[in-house]
Amino acid sequence: MKKALIIVDYSNDFVASDGKLTCGEPGQEIEQNIHQKIETYNSNEDLIFYLMDYHHENDPYHPETKLFPPHNIVGTEGRNLYNSLKPQYDSIKHSNHVFWIDKTRYSAFFSTNLDSLLRERHIDTVEIVGVCTDICVLHTAVDAYNLNYQIIIPKNCVASFNQAGHEWALTHFENSIGAVVE
Ligand code: ZN
């Protein structure tokens, strides 16, 4: 097994109390768990991918414009990593095993070079953390399944504003896409 860590949308807008589309406390409670997970991957020089939602304000061509308030707008503080994850990222971002990828849809794989980077490096397993469990983490995990990756979801590193959605997604990961939920 050769694995990579994918951190999904852990930005101020999705996590901070005043974020534009925040998960609130459930999102904030997983900060140290994700921080520690990144430390472990980094010390092993295993691959770390930061996948971050990227929007322009009131983009008339984007489907989310009708669904959600503006969030993760390019160039805003809301799009920065939340709290301790930002200085942590700044301290490791020049390493060969750390990548930042902007994404414009829920899935980290849609219209990005993530799959290509993983395949070049012979990665067969992705560990997915971040928010929201039942939206961007879910769509990323489903695409990873369709692309034949093994999937690990650490329960204490994912969260949602919607507790029922969070619980449903964890069950779906385990029962429908064969993920290891641990
Ligand atoms: Zn978005």
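Atoms within each ligand, like the ligands themselves, are counted from 1 in listed order. Model, not experiment: these values are computed from the prediction. Hydrogens, waters and symmetry mates play no part in the numbers below; they use all other heavy atoms, side chains included.
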- Note on the structure: So the salt bridge (charged side-chain N to carboxylate O under 4.0 Å, His left out) pairs with at least one residue in residues 35-49 (sequence neighbours excluded) are K37-E127
- Going by distance alone, is a donor N or O of one side chain under 3.5 Å from an acceptor N or O of the other, for E77 and N80?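 A pair is found: one side chain offers a donor N or O, the other an acceptor, under 3.5 Å apart.
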- Query: In terms of side-chain heavy atoms, does N42 have a donor or acceptor partner in H97 at a distance below 3.5 Å?
  - Reply: yes
- Query: What pairs with D124 under salt bridge (Lys or Arg N to Asp or Glu O under 4.0 Å), at least two apart in sequence or on another chain?
  - Reply: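 None.
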- Item | Carboxylate-amine/guanidinium contact R79 D53, below 4.0 Å |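 Looking at R79 and D53, the cut-off is not met.
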- Note on the structure: Residues passing the side chain to side chain contact (heavy atoms under 4.5 Å, CB included) test with A16, sequence neighbours excluded, are N12, D18, Y82
- Report, as a single number, the protein N, O or S atoms less than 2.8 Å from the Zn ion (ligand 1).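 My tally for this metal is 4.
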